[in-house]
Amino acid sequence: MRIATWNINGVKARIDTVLEWLKETSPDVACLQEIKSVDENFPRQPFEDLGYNVETHGQKGFNGVALLSKQPLEDVERRLPGDDGDEQARFIEGAVSSDKGVIRFGCLYLPNGNPLGSEKFPYKLAWMDRLIPHAERRLREENAYLLLGDYNVIPDPIDAKNAKNWLDDALFQPESRQRFRALTNLGFTEAVRACTEAAETYTFWDYQAGAWQKNNGIRIDHILLSPQATDLISGCGIDKHVRGWEKPSDHVPVWVELAA
DNA sequence: ATGGCGTACGCAGTACGA
């Protein structure tokens, strides 16, 4: 079973690209971020035509997440618990049944947090402070659970081509990185680092200043697996070639293969 | 980067992203 995450930067602009990728890699579950669409306008039909069940949590203009699954999605929940006043569409969960039991997926679009000094950075940290106890509750269920998406966190210097360029950026602040470590330290395994120690392993390249051509990337899209899910890992990867396609997203898909 | 690009909204130019 292949599980993938991808920040598509707008479903309207990216629909053909996303469909092409789905046909090429055929993930069983795909978590999409930045759909930038309200639920009513999400183009469900072309995804359903490829055999996917579709669940969305969108809003007007920006943000928005979606879950695609070849198997029916059960127990779908929208919104990250902990702040009823948070109107930003950044979190959706669902589960599928497999021969290894229930496998649950949390699809997240973590706040960017820039610029530092604005209200956006404390919002990012507060969002992470809600994510950690939620993840802790899920781990206590002792099922296969994957928490995946655009974390907007560069975990370590090796995860950026030029780490010093990010020192004043919310993605690389000690407070952001500390919370990411606190999350993984609950007992999650981070898929890509479990599969490779290779340097220059990135998931995002800016549209500007020839970042892609210079391989000036960062690794900010992550897949975290509970111990029960970690036991099923048979491989993982990054679909880097997609960044070179026509009209690309600035992010590329990350995936993990489970023996389920 | 005093953001040079890209997307959404909506029809000019502003908000947002990382």
Side-chain angles (χ1 to χ4, degrees), chain A residues 5-21 31-43 56-66 86-91 107-128 148-177 179-180 192 200-222 238 240 242-254:
Chain A
T5 176
W6 191 11
N7 179 323
I8 62 173
N9 190 15
V11 71
K12 189 190 291 181
R14 212 71 60 217
I15 179 72
D16 292 341
T17 310
V18 176
L19 294 172
E20 188 64 28
W21 168 74
C31 303
L32 307 180
Q33 300 90 39
E34 279 207 273
I35 62 173
K36 297 187 176 181
S37 166
V38 293
D39 295 333
E40 310 84 82
N41 293 346
F42 190 88
T56 64
H57 180 212
Q59 69 179 93
K60 187 175 179 179
F62 59 110
N63 297 331
V65 287
D86 183 2
E87 295 301 326
Q88 299 197 31
R90 297 181 174 277
F91 195 76
C107 171
L108 65 90
Y109 176 44
L110 208 146
N112 172 301
N114 282 307
L116 296 179
S118 74
E119 73 292 343
K120 293 183 179 182
F121 188 55
Y123 172 67
K124 176 188 191 124
L125 300 181
W127 206 92
M128 297 184 86
L148 67 170
D150 178 358
Y151 277 79
N152 270 318
V153 174
I154 302 167
D156 289 295
I158 195 178
D159 298 310
K161 176 82 168 210
N162 302 115
K164 64 179 185 303
N165 291 353
W166 298 91
L167 287 172
D168 296 324
D169 195 288
L171 280 62
F172 196 55
Q173 287 310 293
E175 295 92 336
S176 311
R177 296 170 58 199
R179 283 165 174 79
F180 184 76
V192 169
E200 306 204 342
T201 299
Y202 308 130
T203 66
F204 169 92
W205 296 261
D206 201 289
Y207 287 122
Q208 301 181 69
W212 167 243
Q213 289 74 14
K214 298 177 196 166
N215 197 27
N216 182 15
I218 51 176
R219 195 173 71 90
I220 56 175
D221 301 271
H222 308 297
I238 298 174
K240 181 177 179 179
V242 171
R243 187 63 176 79
W245 286 359
E246 289 294 310
K247 263 193 97 195
S249 169
D250 38 9
H251 296 249
V252 296
V254 181

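Values below: every heavy atom of this structure, side chains too, minus hydrogens, waters and symmetry copies. From a predicted model like this one, the values you see are computed outputs, not experimental measurements. In what follows, chains carry the letters A, B, and so on, assigned in the order in which the sequence lines appear, proteins first and then strands, with residues in each chain numbered from 1.
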Problem - Test item: side-chain donor near acceptor, A:Asp150 and A:Gln33, under 3.5 Å - result: no

Handout entry: B:dA12 versus B:dT2 - spacing of their P atoms, nearest Å
Key = 31 Å

Practice task
For A:Asp169, answer base if it contacts any base atom (sugar-phosphate contacts may also be present), sugar-phosphate if it contacts only those atoms, and nothing otherwise; contact means non-hydrogen atoms under 4.0 Å.
Solution key: nothing

Handout entry: Whole-angstrom distance between B:dG10 and B:dG6, as gauged at atom P
Key = 23 Å

Handout entry: Gap in Å between the two P atoms, one belonging to B:dC16 and one to B:dA1, rounded
Key = 24 Å

Practice task
May I ask you to verify if any side-chain N or O of A:Tyr109 is less than 4.0 angstrom from the OP1 or OP2 atom of B:dC16?
Solution key: no

Fill in the blank from the handout: Every stem of 3 or more Watson-Crick or G-U pairs under 3.5 Å that DNA chain B joins, in order of first number, is B:5-9 with B:13-17

Handout entry: Span that lies between the P atom of B:dA18 and that of B:dT7, in whole angstrom
Key = 14 Å

Exercise for the section: Select from A:Lys12 and A:Leu110 the residue whose nearest nucleotide in DNA chain B is closer to the 5' end of that strand. Expected result: A:Lys12

Practice task
Could you tell me whether A:Arg90 contacts a base, only the sugar-phosphate backbone, or nothing, with contacts defined as non-hydrogen atoms closer than 4.0 Å?
Solution key: sugar-phosphate

Exercise for the section: Can you figure out which of B:dA18, B:dA1, B:dC5 approaches the side chain of A:Asn112 most closely? Expected result: B:dA18

Problem - Under 4.0 angstrom between A:Asn114 side-chain N/O and B:dA18 OP1 or OP2 - result: no

Exercise for the section: Might you point out which heavy atoms bring A:Trp127 and A:Leu108 nearest each other, and give the distance in Å? Expected result: CH2-CB, 3.9 Å

Problem - A:Pro115 to A:Ser118 - nearest heavy-atom pair and separation - result: O-OG, 2.7 Å

Practice task
Could you work out which one of B:dG17, B:dA8, B:dA18 sits closest to the side chain of A:Asp150?
Solution key: B:dA18

Practice task
Using a cut-off of strictly less than 4.0 Å, decide whether A:His251 has a side-chain nitrogen or oxygen near OP1 or OP2 of B:dA18.
Solution key: yes

Exercise for the section: Ignoring backbone atoms, establish whether A:Lys60 has a side-chain N or O less than 4.0 Å from OP1 or OP2 of B:dG10. Expected result: yes

Practice task
Identify the heavy atoms of A:Pro155 and A:Arg219 that sit nearest to each other, and give their distance.
Solution key: CD-O, 3.5 Å

Completion exercise
Against the side chain of A:Leu171, the closest entry in B:dC5, B:dC16, B:dA18 is B:dA18

Practice task
For the side chain of A:Asn7, starting at C-beta, report the closest nucleotide among B:dA8, B:dG6, B:dA18.
Solution key: B:dA18

Practice task
Scan A:Asp250 against the nucleic acid and name what it touches under 4.0 Å (heavy atoms): base, sugar-phosphate only, or nothing.
Solution key: nothing

Exercise for the section: Name the residue closer to the 5' end of DNA chain B, choosing between A:Ala209 and A:Gly10 according to the nucleotide with the nearest heavy atom. Expected result: A:Ala209

Practice task
Write down the atom of A:Leu125, the atom of A:Arg179, and the distance for their closest heavy-atom approach.
Solution key: O-NE, 3.6 Å

Handout entry: Side-chain H-bond candidate by donor/acceptor type, A:Trp205 with A:Asn215, under 3.5 Å
Key = yes

Exercise for the section: Taking atom CD of A:Gln213 as the centre, report whether more than 12 heavy atoms of other residues, nucleotides or ligands fall under 6.0 Å from it. Expected result: yes

Handout entry: Minimum side-chain heavy-atom gap A:Val254-A:Val192 below 4.5 Å
Key = yes

Exercise for the section: May I ask you to evaluate whether A:Lys120 reaches the phosphate of B:dG17, defined as a side-chain N or O under 4.0 Å from OP1 or OP2? Expected result: yes

